[in-house]
Amino acid sequence: MARHNREGSGADQRGFEYGVSYQPDWLKLVKVTRQLETGRQSTKTLFRNPVNGPQANLGDRIRTRITSHDQALDFEVALTDPRAAVKRIRISYALPDGHGREEEVEFTLESEDVPSE
């Protein structure tokens, strides 16, 4: 039986703090990708699961919540995966950039079975 969600935290490229509620037996890490002012892209590991590998059988639901009070960001991803076949989830989130425009920030959730890039 899958275990209850755990709580973690991390900071992105710009120093914004995030909270991560995650399933310890599915989530390996969360990456955050932002466009830099130079036009280049920056990816940073926001959170890494401190547990090395699953300690219980996976359930049939994947659920992860990410929050950032600094940015008024709050979303939760929940999906049913009875075959435990989902390895990566990408979320594009639109944040106001303070200049009347939106900044697209991408979050990548990776499972324990995804090889490192």
Side-chain angles (χ1 to χ4, degrees):
M1 172 182 253
R3 297 181 295 152
H4 294 288
N5 274 23
R6 302 289 189 260
E7 302 295 322
S9 62
D12 71 7
Q13 302 90 324
R14 297 191 181 156
F16 291 114
E17 295 289 327
Y18 293 83
V20 180
S21 175
Y22 65 99
Q23 290 173 284
D25 299 310
W26 183 84
L27 186 71
K28 179 179 182 179
L29 58 88
V30 176
K31 294 179 185 176
V32 60
T33 302
R34 288 181 175 270
Q35 295 294 324
L36 301 176
E37 293 174 7
T38 62
R40 297 188 61 170
Q41 195 176 57
S42 173
T43 300
K44 181 180 180 196
T45 298
L46 178 68
F47 171 78
R48 185 177 301 276
N49 188 341
V51 177
N52 193 11
Q55 297 179 345
N57 291 332
L58 298 177
D60 65 348
R61 289 183 48 87
I62 297 167
R63 193 180 51 160
T64 303
R65 182 177 183 193
I66 298 178
T67 59
S68 174
H69 298 293
D70 299 337
Q71 301 172 94
L73 178 147
D74 187 351
F75 69 88
E76 182 174 69
V77 175
L79 62 98
T80 303
D81 181 24
R83 293 183 38 231
V86 173
K87 303 301 178 196
R88 180 180 289 134
I89 301 169
R90 288 192 174 136
I91 300 105
S92 291
Y93 196 94
L95 287 168
D97 70 356
H99 303 290
R101 296 181 302 258
E102 288 186 341
E103 174 187 17
E104 187 175 326
V105 180
E106 183 177 278
F107 296 88
T108 304
L109 316 176
E110 293 187 1
S111 77
E112 285 294 332
D113 294 337
V114 173
S116 297
E117 296 180 85

Which donor-acceptor pairs under 3.5 Å do side chains of residues 40-47 form with protein atoms, sequence neighbours excluded?
from, atom 1, to, atom 2, distance (Å)
Ser42, OG, Gln13, NE2, 3.4
Thr43, OG1, Thr33, OG1, 2.9
Lys44, NZ, Ala11, O, 3.1

(request) Could you list the residues that satisfy side-chain contact (heavy atoms from CB on, under 4.5 Å) with Arg61, not counting sequence neighbours? (result) Ala78, Thr80
(request) Determine yes or no for a side-chain-to-main-chain donor-acceptor pair under 3.5 angstrom, with Trp26 supplying the side chain and Thr64 the backbone. (result) no
(request) Under the side-chain hydrogen bond (donor to acceptor under 3.5 Å, both in side chains) rule, collect the residues that match up with Ser68, sequence neighbours excluded. (result) Gln71
(request) Sort and list the pairs that fulfil ring pair (Phe, Tyr, Trp, His ring centres under 6.0 Å) and have at least one residue in residues 60-91, not counting sequence neighbours. (result) Phe75-Tyr93, Phe75-Phe107
(message) Using the side-chain hydrogen bond (donor to acceptor under 3.5 Å, both in side chains) criterion, which residues pair with Arg83? Sequence neighbours excluded.
(response) none
(message) Among Lys87, Arg90, Lys31, Arg48, which residue satisfies the salt bridge (Lys or Arg N to Asp or Glu O under 4.0 Å) criterion with Glu110?
(response) Lys31
(message) Applying side chain to side chain contact (heavy atoms under 4.5 Å, CB included) to Ile62 and Val77, what does each step give before you reach the verdict?
(response) CA-CA 8 Å; Ile62 297 167; Val77 175; 5.8 Å; no
(request) Output the distance between atom CG (Leu29) and atom OG (Ser111), rounded to the nearest 0.5 Å. (result) 9.5 Å
(message) Does any part of the side chain of Ile66, heavy atoms only, come nearer than 4.5 Å to the side chain of Leu73, both counted from C-beta?
(response) yes
(request) Keeping to residues at least two apart or across chains, list the salt bridge (charged side-chain N to carboxylate O under 4.0 Å, His left out) pairs with something in residues 63-75. (result) Arg65-Asp74
(request) Can you measure from CG (Asn49) to CZ (Arg6) and round to the nearest 0.5 angstrom? (result) 9.5 Å
(message) Applying salt bridge (charged side-chain N to carboxylate O under 4.0 Å, His left out) as the test, list every pair that has at least one member in residues 7-18; sequence neighbours left out.
(response) Asp12-Arg34, Arg14-Glu103
(request) Could you tell me which non-hydrogen atom of Asp60 sits nearest to which non-hydrogen atom of Pro82, and how far apart they are? (result) CB-CA, 3.8 Å
